[in-house]
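Throughout, protein chains are lettered first and strands after them, A, B, ... in sequence-line order, and every chain is numbered starting at 1. What you are looking at is a predicted structure, and each value in this text was computed from that prediction instead of being measured. Atoms considered below: every heavy atom in the structure, side chains included; atoms not considered: hydrogens, waters and symmetry mates.
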Amino acid sequence: MHDRFADKLLQWYDSHGRHDLPWHHNRNAYRVWVSEIMLQQTQVTTVIPYFEAFMERFPDVHALAEAPVDDVLSHWSGLGYYARARNLQKAAQTVVQDFAGEFPQTQEELESLTGIGRSTAAAILAQAFGIRAAILDGNVKRVLARYHAIPGWPGQTAVLNQLWHRAEEHTPEQRVRDYTQGIMDLGAMVCTRSRPACESCPLQEGCTAYAQNETSLYPGSKPKKAKPEKTTWMVIIEDGEGRILLERRPPSGIWGGLWSLPELDPAYGADELQEACEQSLGLDCGEPELISGFRHTFSHYHLHIQPARLNVTGRANTVADSDHLKWLHRHEALNLGLPAPIRSLLTEPEQAALL
DNA sequence: AATTCGTGGAT
DNA sequence: TATCCAAGAAT
């Protein structure tokens, strides 16, 4: 079936699409792959500076495969969803070891690499190799849900299956690279979440939601749930030389593998922090100085962070440097993979308190 | 199928 | 200020 959808989209893309994003230059599978992983659930404007710095430090798959994991995480610090960074390096090592450093060119082999799912694999095939494959990211979901007036939330399997069917249907044999970029650009620039620019849309003629004047109904929104509230102490413990104690997070779970401040059970009162430091960390500390607390919001819960500063009075090395505990100067700590609010706390404690 | 996993832009 | 939700994947 000859699909006018793709023809109109491609014509629009030629004159109105984005042709000079950083990963469009020196295009190769590695750069396309890294950009696609960074762009998962993350806006383009946020990704650009991270992508530039990452490519400077890890210019190819070998550099990434050989790097210390802390170096990789530090380049991801602030970007969120840190499993992406850990998976990225694992996949780089797989590409080097199992694929002789060359990215595979089949959907199945790409999806075998951790962190690469159906849509990302298709994006790599199309963008890097010009192989026909259908993508279905947030932009495409929005465009297709409106064009075909597909009701329901795309998180539901039945809705998602319909969207995938339409995505496959519209993807052309020719110019898949431009088509793939073009449909994402259309979603980002014209078929936007709110107030879409339907008057300048090349697909207006066939769009069912537009014909019904109901673009705002598509795609269906996610059912909302109240986010639980959690609380924690975070302690900035300094030794006599002005070094701070940092603790590595467990490999899985929130902020997995990142370095953070030691946390103490919120059941402790402010007047029990010295005792808590002694019990949890084996450190003798002086009077705590409380910093204003603030709330950090994750995708699925709120965290009240109550920071406190304490100085070590006894011997700081009762806590030895290890794989999960380190004494570091502030500027050394800032070179690690730190969660955003902890980086903020260590950089501008008073500013962080205002968040 | 439903949860988990971050952060910040946009409104 | 609060809410939604981004170039999703793993479990």
Side-chain angles (χ1 to χ4, degrees), chain A residues 17-18 21-24 31-51 73 76-88 90-91 110-124 126-127 133-143 153-161 163-164 167 180-189 191-195 216 219-228 249-258 260 294-303 337-344 354-355:
Chain A
R18 294 176 292 192
L21 290 168
W23 39 94
H24 293 163
R31 289 170 63 86
V32 168
W33 170 54
V34 172
S35 74
E36 289 298 332
I37 301 299
M38 285 188 171
L39 287 161
Q40 288 170 1
Q41 300 293 287
T42 312
Q43 294 183 341
V44 170
T45 54
T46 301
V47 163
I48 288 175
Y50 281 90
F51 180 81
L73 288 172
W76 214 270
S77 180
L79 198 54
Y81 286 155
Y82 298 97
R84 291 184 297 173
R86 302 193 302 272
N87 288 337
L88 196 70
K90 282 182 201 162
L110 283 169
E111 285 186 39
S112 77
L113 299 171
T114 181
I116 299 182
R118 182 173 176 181
S119 187
T120 298
I124 295 170
Q127 305 256 12
I135 65 163
L136 188 61
D137 69 345
N139 290 308
V140 181
K141 286 174 185 171
R142 190 167 53 252
V143 171
W153 173 52
Q156 294 183 316
T157 302
V159 178
L160 193 60
N161 287 341
L163 290 168
W164 270 115
T180 297
Q181 185 62 49
I183 194 167
M184 288 191 289
D185 288 355
L186 188 77
M189 303 166 67
C191 195
T192 50
R193 180 156 61 94
S194 61
R195 302 186 339 118
S216 65
S221 55
K222 176 182 179 177
K224 56 175 85 173
K225 293 188 304 184
K227 293 175 179 175
R249 309 269 316 172
S252 65
I254 203 78
W255 295 338
L258 298 194
S260 187
F294 57 96
R295 188 171 80 154
H296 183 76
T297 299
F298 295 106
S299 48
H300 49 304
Y301 64 91
H302 302 288
L303 180 63
L338 299 172
I342 278 63
R343 177 169 298 277
S344 172
L354 295 178
L355 298 177

K.L.:
Describe the nucleic acid contact of A:Q181 in one word from base, sugar-phosphate, nothing, applying a heavy-atom distance below 4.0 Å.
P.N.:
base
K.L.:
Please determine whether the number of non-hydrogen atoms from other residues, nucleotides or ligands lying under 6.0 Å from atom NZ of A:K227 exceeds 12.
P.N.:
yes
K.L.:
Parallel under 30°, tilted from 30 to 60°, perpendicular over 60°: which one fits the rings of A:H296 and A:W255?
P.N.:
tilted
K.L.:
Using the P atom as the reference point in each nucleotide, state the distance between B:dA10 and C:dA7 in Å, no decimals.
P.N.:
11 Å
K.L.:
Return the set of residues passing side-chain contact (heavy atoms from CB on, under 4.5 Å) with A:L160 (not counting sequence neighbours), or none when no residue passes.
P.N.:
A:L136, A:K141, A:W164
K.L.:
Do any side-chain nitrogens or oxygens of A:K225 fall under 4.0 Å of OP1 or OP2 in B:dT3?
P.N.:
yes
K.L.:
Using heavy atoms to find the nearest nucleotide of DNA chain C for A:G187 and A:I116 separately, return the residue whose nucleotide is more 5′.
P.N.:
A:G187
K.L.:
List the protein contact pattern of nucleotides 5-11 of chain B with one symbol per nucleotide (5' to 3'): B for base contact, S for sugar-phosphate-only contact, - for none; contact means a heavy-atom distance under 4.0 Å.
P.N.:
BBB-B-S
K.L.:
Looking across every strand, which nucleic acid part, if any, lies under 4.0 Å from A:W153 by heavy atom: base, sugar-phosphate, or nothing?
P.N.:
nothing
K.L.:
Using ring pair (Phe, Tyr, Trp, His ring centres under 6.0 Å) as the criterion, list what pairs up with A:Y301, not counting sequence neighbours.
P.N.:
A:F298
K.L.:
Taking salt bridge (charged side-chain N to carboxylate O under 4.0 Å, His left out) as the cut-off, I'd like each qualifying pair that reaches into residues 110-119 of chain A, sequence neighbours left out, listed once.
P.N.:
A:R118-A:E168
K.L.:
Please assess A:N139 against A:R142 for the test side-chain hydrogen bond (donor to acceptor under 3.5 Å, both in side chains), listing each intermediate value before the final yes or no.
P.N.:
CA-CA 5 Å; A:N139 290 308; A:R142 190 167 53 252; 2.9 Å; yes
K.L.:
Mind checking if A:L88 touches a base, just sugar-phosphate, or nothing, with heavy atoms under 4.0 Å?
P.N.:
nothing
K.L.:
Which residues satisfy the ring pair (Phe, Tyr, Trp, His ring centres under 6.0 Å) test with A:Y81, sequence neighbours excluded?
P.N.:
none
K.L.:
To the nearest 0.5 Å, what is the distance between OG on A:S260 and CZ on A:R343?
P.N.:
11.5 Å
K.L.:
Regarding A:V44, tell me which of base, sugar-phosphate or nothing describes its non-hydrogen contacts under 4.0 Å with the strands shown.
P.N.:
base
K.L.:
What nucleic acid atoms does A:K141 come within less than 4.0 Å of, heavy atoms only: base, sugar-phosphate, or nothing?
P.N.:
nothing
K.L.:
Taking atom CD of A:Q127 and atom CD of A:E36, what is their separation to the nearest 0.5 Å?
P.N.:
6.0 Å
K.L.:
Considering only heavy atoms of chain A and a distance under 4.0 Å, specify the first and last nucleotide of DNA chain C in 5' to 3' order that meet this criterion.
P.N.:
C:dC4 to C:dA10
